[in-house]
Asker: 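Dropping a structure here in structure tokens format, bear with me for questions.
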Amino acid sequence: MPELPEVETIRRGLEPLVVGRRLGTAWAFPHPKFEAAYEAEGATVTGMARRGKYLLLALHDGHELVVHLGMTGSLQVQPPAAVRGDPYLRASWQLRTSVLAFRDVRRFGRLAVVKRGEYTGTLATQGPDALDGDLDAEGFWLALKASRRAVKTQLLSQRPIAGVGNIYADEALWMAQVHPRRKTVSKPQATALLDAIRQVLTASLGNGGTTLRDYRNADGESGRNQDRLSCYGRAGLPCRRCDTELRAITLDARTATFCPTCQKR
DNA sequence: GTGATAACCTGCTCGC
DNA sequence: TGCGAGCAGGTTATCA
């Protein structure tokens, strides 16, 4: 599922292919989540940015095309023949000789066209981007302290920090030795957690992201980070730090994997 | 305002 | 072999 490293990998791959290009004839799957594709038709892309897990395509007329890839989304520039008849195509724009294609099997992704900077929903309420150097440990700790929810729940809410999903939340909590259900985090723990978040995200970015099932980068290739995970998806296997069997629990209807020895509640 | 929960959605895996 | 149930999870909507 695309989290920050996967979205950033896609952004880097797409930027040279779409910036300066005009989005030609649009097509959208008939669902409100994708019909904004038509609003971007005819606009020229002037820039491509990312905030958390959102891709932001700046348009020449002062608007932005906001793309969230959901769990199974991908955005690629492809030859027209490659997208023809694709049952999972959710939106597309004709470029000069190719097609900018938004593909999403489970339809958890969405599109929106907004005035530049006028965001709504999670994009408006989320915290600083996880790789934004302006967020320091003090600010992160205060943001965590502001809520009494479990620390992993807070990470997934995107409010203290943006860009962390289930995979990297498990990985960072394991690295910082913080229990996912912990509701109060000390300043040193918050500092360690912020450092761990940045370490796991940076490492994954260097590996082209994590591919579990669906994720593909802008070139249609899988990431390589899934072979380097220490915690996520390893329930029942020994902890790489202490050999204790990793345990899986359900937190907010999602699986949280942790080491019961290293990550004390 | 905050927190908890359900719903959305479809491919895959597992058990019968 | 084929079928059905359960699982995966990011975001939004709804309710307490």
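In what follows, chains are A, B, ... by sequence order, proteins preceding strands, each numbered from 1. For clarity, every value in this text was computed on a predicted model and none was experimentally measured.
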Asker: For A/D129, which of A/R50, A/R51, A/K53 qualifies under salt bridge (charged side-chain N to carboxylate O under 4.0 Å, His left out)?
Answerer: A/R50

Asker: On the side chain of A/R254, is there an atom forming a donor-acceptor pair with the base of C/dA8 - under 3.5 Å, no angle test?
Answerer: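 Answer is no: no donor-acceptor pair is held.
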
Asker: Residues in salt bridge (Lys or Arg N to Asp or Glu O under 4.0 Å) with A/D86, at least two apart?
Answerer: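 If we apply the salt bridge (Lys or Arg N to Asp or Glu O under 4.0 Å) test to A/D86, skipping adjacent residues, the hits are A/R103.
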
Asker: For residues 138-147 of chain A, which residue pairs pass the side chain to side chain donor-acceptor pair (under 3.5 Å) check, not counting sequence neighbours?
Answerer: A/E138-A/K187

Asker: Through direct or indirect side-chain contacts below 4.5 angstrom among Ile, Leu, Val, Met, Phe, Trp and Tyr, which residues connect to A/V66?
Answerer: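 A/Y54, A/L56, A/V114, A/Y119, A/L123, all in the cluster of A/V66.
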
Asker: Under the side chain to side chain contact (heavy atoms under 4.5 Å, CB included) rule, collect the residues that match up with A/S98, sequence neighbours excluded.
Answerer: A/V77, A/L95

Asker: Under 3.5 Å, which donor-acceptor pairs link side chains of residues 194-203 of chain A to any protein atom two or more places apart or in another chain?
Answerer:
| residue | atom | partner | partner atom | Å |
| --- | --- | --- | --- | --- |
| A/D195 | OD2 | A/Q199 | NE2 | 3.1 |
| A/R198 | NE | A/A130 | O | 3.0 |
| A/R198 | NH1 | A/L135 | O | 3.4 |
| A/R198 | NH2 | A/D132 | O | 2.9 |
| A/R198 | NH2 | A/L135 | O | 2.9 |
| A/T202 | OG1 | A/R198 | O | 2.6 |

Asker: Just compare B/dT10, C/dG10, B/dG3 and give me whichever is closest to any side-chain atom of A/V105.
Answerer: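 Side chain of A/V105 sits closest to B/dT10.
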
Asker: What nucleic acid atoms does A/T153 come within less than 4.0 Å of, heavy atoms only: base, sugar-phosphate, or nothing?
Answerer: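 The residue A/T153 makes no contact with any strand.
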
Asker: Could you tell me which residues satisfy side chain to side chain contact (heavy atoms under 4.5 Å, CB included) with A/A162, sequence neighbours excluded, listed by chain and number?
Answerer: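 Per chain and number, A/A162 pairs via side chain to side chain contact (heavy atoms under 4.5 Å, CB included) with A/Q126, A/Q158.
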
Asker: Any idea which of B/dG11, C/dT11, B/dG3 is nearest the A/H68 side chain?
Answerer: C/dT11

Asker: Let me test you: for the helix from B/dT2-C/dA16 to B/dC16-C/dG2, what is the angle between the axes at its two ends (five pairs each), rounded to 10 degrees?
Answerer: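 The two end axes of the helix from B/dT2-C/dA16 to B/dC16-C/dG2 meet at 50°.
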
Asker: Taking transitive links into account, so neighbours of neighbours count too, which hydrophobic residues share a cluster with A/I249 at under 4.5 Å side-chain distance?
Answerer: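 Other cluster members: A/F258.
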
Asker: Any protein N or O atoms within reach of nucleotides 12-16 of chain C? Criterion: under 3.5 Å, listing atom names and distances.
Answerer:
| residue | atom | partner | partner atom | Å |
| --- | --- | --- | --- | --- |
| C/dT12 | OP2 | A/T122 | N | 3.2 |
| C/dT12 | OP2 | A/T122 | OG1 | 2.3 |

Asker: Which donor-acceptor pairs under 3.5 Å do side chains of residues 21-32 of chain A form with protein atoms, sequence neighbours excluded?
Answerer:
| residue | atom | partner | partner atom | Å |
| --- | --- | --- | --- | --- |
| A/H31 | ND1 | A/K33 | N | 3.0 |

Asker: Polar atoms only, N or O, under 3.5 Å: list the protein pairs with nucleotides 5-8 of chain B and their distances.
Answerer:
none

Asker: Could you work out, with salt bridge (Lys or Arg N to Asp or Glu O under 4.0 Å) as the rule, every residue matching A/R234, not counting sequence neighbours?
Answerer: none

